[in-house]
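Notes to accompany the following structure.
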Amino acid sequence: EYSNLVMIQSGFTILTFIMALNSGVFYYYYEWKKEKYRKMIFSSWFYYQFFLAIIIGIILFFTAEYISGLLIETENNKDNLIISVKVLGLLFVPYIFNITNINFYRIDRRPKKAILVVFFESLFTALIVIIGLSYYNFGIFEVVISQIVGRFIVSILFLKTIQSYFLWKYFSLKILNKLLYFSWPFFIISSFSWLISNIDKFIGVELLNNKEEIAILAFAFQITLPIAVLADMIRMAIGPFIMSISAETNANKTYQKVYDLCVFSGVLALVLLITFTPLITYMLADKSFLIVIKVVPLIGVASILSLISNQFSISFSLVKKNQYILIATVISGALATFINLQFMNKYGFIVSGISQALSTLIMAIILLFLGRRITKLDININNSIIYLLVLGVFITFVYSYIPQILNGNYLQLIFSSLLTLIILLGLFIKTYLNKLNG
C-alpha cells in the first residue's frame, strides 16, 4: 500500500509537467515591463492549466482500471486503487491555484509568502492524514482525498492573490503561444528527469523478486527528500534570481558564489542525512527498513548532481537554447531506464541508486560541456569537485562498514561523518577567505 501510494503520487507529479510553463513565465515577465502584460502572462498560464486539468481529470476517470494495473494490484486492493486514480484528477484543481500563487510570489521576490503556501499545504494534509491513519483506518483513497482537502483549504487562505490573475479578460492566446514555444522542451526535460528518480519503482513491480524491496525504494525516496527539497528550493529561487540579475555587470561573480554555496550546502546536508538515516528509519519505520542505508547515499548524490545540472541549465535558458537541456536530460533518463531494466532483476534495489547517480553525473557532464561551447558558460567547478571528492571518500567508508550499521553499531558512521563535516567546513572557510583576500 505504501509503495502504491508513492507511485500514485509519482504519476500525479509527471502529469503536472505539461502544465509547467514556469520558464516561459519567468522569461517574459522580466522581458516585458508593462503591468498589463505581466497580468496577461499569469492569467494565460492559469487558464491553460485549468483547461488542461479538466482534460486530464476526464482521461484519468475513464482509464483508471488500466492505470491501476501498473501498480501492485491484489484482489483485495484493486477497487480501492481504481477509485483512487479516478479522483486523482480533482487534486489538480487546488494544485493549480497553489502552484500559480507560489510562482507569483517567487517572481515578485516574496519568498516568505511562497513558504507559507507550502507550509500550510504540508500542515493541513499531514494533520488530516495522521488523524485518519491513527483513528479511522485510512487507505489510499482517503489519503488522496485528504490531499485534495488540505490543498483546497490553502487555496481559500490565499484567495486574494488568486483574484489578481483570475480575470478572464487578461487571457491571451498569443501570449500563451509564446509561453508554450519557450517552455515546450521542459515538458520532455521534466518527464525524463522523472524517469531518473522514479522509473525504478515501476520497473521493480515487474522485475524485483521480492516486492517488499519496492517499499524500501519508496522509503529511500522519502528519506532523501531533505536533499531533494534543498535542490528544489534552490531551483525555485535561482531561476527568477538569475533572470533578475542577468543584466548586471557583476552577474557572473554573483552566480559563482551562488553555485559554490549551493553545492557545499547539498554535500553538507547529505553527510548529515546519511549519518541520521538509522535514527530516521527507527522513527518512521522499523529495523527491517534499515537496509535502506545501501541506497540512500547514491540517491542523495544523484540529487546533488541534479542540483548542479540545474545550475548549468540556466545558461541555456538565458539565451533561449533550451533544446540542449532536453538532449542531456533525454540521454540521462534513457540511461537510467536501461540500467534498471538490465540489472535490477539480478542485483536488486541497489541498482536504483546506481542508475540515478550515474545518469545524473552524465547529465551534468553533458550540460557543462555544451554550456562551455554554446552559451559561454563561465563557471569554475574546482571547489565543487573538491567537495564531491570528500563526499565520495565518506560514502566509500560508509559502504565498507554497512554490515556493522545493520547490526546496530553506529560508532564508525558517527566518527567518519564528524571528520567529514570538519573537513568540508574547513575547505569552505578557506575558499571564502581566499575570495576576500583576492
For [X] and [Y], indicate whether the former's side chain and the latter's backbone hold a donor-acceptor pair under 3.5 Å.
X: Ser134; Y: Ile131; answer: no
X: Arg151; Y: Phe124; answer: no
X: Ser44; Y: Ser172; answer: yes
X: Ser122; Y: Val118; answer: yes

Take a 6.0 Å sphere around [atom1] of [X] and say whether it holds more than 12 heavy atoms from other residues, nucleotides or ligands.
X: Phe50; atom1: CZ; value: no
X: Asn380; atom1: CG; value: yes
X: Gln323; atom1: CD; value: yes
X: Phe17; atom1: CZ; value: yes

Describe, in one word, how the ring planes of Phe338 and Phe343 are oriented to each other, choosing from parallel (under 30°), tilted (30 to 60°) and perpendicular (over 60°).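 Perpendicular, since the angle between the ring planes exceeds 60°.
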
Could you check whether the rings of Tyr47 and Phe171 sit parallel, tilted or perpendicular, using 30° and 60° as the cut-offs?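 Geometry flag for Phe171 against Tyr47: perpendicular rings.
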
Side chains of Ser352 and Gln356: is there a donor and an acceptor less than 3.5 Å apart?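 Yes, a side-chain donor-acceptor pair sits under 3.5 Å.
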
For Tyr105 and Thr161, which I'm curious about, is there any donor-acceptor pair between the side chains at under 3.5 Å?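 Indeed, the side chains of Tyr105 and Thr161 share at least one donor-acceptor pair under 3.5 Å.
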
What's the spacing between [X] [atom1] and [Y] [atom2] if we round to 0.5 Å?
X: Thr16; Y: Ile56; atom1: OG1; atom2: CD1; result: 8.5 Å
X: Thr375; Y: Tyr324; atom1: OG1; atom2: OH; result: 10.0 Å
X: Gln311; Y: Ile381; atom1: CD; atom2: CD1; result: 13.0 Å
X: Ser265; Y: Asp260; atom1: OG; atom2: CG; result: 10.5 Å
X: Phe152; Y: Asn98; atom1: CZ; atom2: CG; result: 9.5 Å
X: Asp200; Y: Asn340; atom1: CG; atom2: CG; result: 5.5 Å

Step-by-step side-chain contact (heavy atoms from CB on, under 4.5 Å) determination, Trp45 to Asn103: CA-CA 11 Å; Trp45 179 36; Asn103 283 287; 3.4 Å; yes

Answer yes or no: is there a side-chain heavy-atom contact under 4.5 Å between [X] and [Y]?
X: Leu116; Y: Leu157; result: no
X: Leu391; Y: Ile304; result: yes
X: Phe264; Y: Leu425; result: yes
X: Met363; Y: Ile196; result: yes
X: Leu60; Y: Leu15; result: yes
X: Val330; Y: Ile188; result: yes
X: Val390; Y: Val271; result: no
X: Tyr387; Y: Leu427; result: yes

Taking the six-membered ring for Trp, are Phe12 and Phe92 ring centroids under 6.0 Å apart?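 Between Phe92 and Phe12, which both carry aromatic rings, the centre distance is below 6.0 Å.
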
For Thr125, enumerate each residue passing the side-chain contact (heavy atoms from CB on, under 4.5 Å) test, keeping only those at least two apart in sequence or located in another chain.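 Only Val129, Gln147 meet the side-chain contact (heavy atoms from CB on, under 4.5 Å) criterion with Thr125.
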
Minimum heavy-atom separation for [X] and [Y], please, with both atom names.
X: Leu367; Y: Ser313; answer: CD1-OG, 3.5 Å
X: Ala357; Y: Val301; answer: CB-CG1, 4.5 Å
X: Thr329; Y: Ile325; answer: OG1-O, 2.7 Å
X: Ile223; Y: Leu273; answer: O-CD1, 3.3 Å
X: Ala336; Y: Ser355; answer: O-CB, 3.9 Å
X: Gly353; Y: Ile299; answer: CA-CG1, 4.2 Å

Is there a side-chain contact (heavy atoms from CB on, under 4.5 Å) between Leu284 and Phe219 once you walk through the steps? CA-CA 9 Å; Leu284 300 179; Phe219 188 60; 3.9 Å; yes

Under the side-chain contact (heavy atoms from CB on, under 4.5 Å) rule, what do Thr281 and Val292 come out as? Steps first, then yes or no, please. CA-CA 8 Å; Thr281 302; Val292 77; 3.9 Å; yes

Hey, mind stepping through Leu358 and Ile339 against side-chain contact (heavy atoms from CB on, under 4.5 Å) and telling me if it holds? CA-CA 10 Å; Leu358 185 58; Ile339 292 172; 3.7 Å; yes

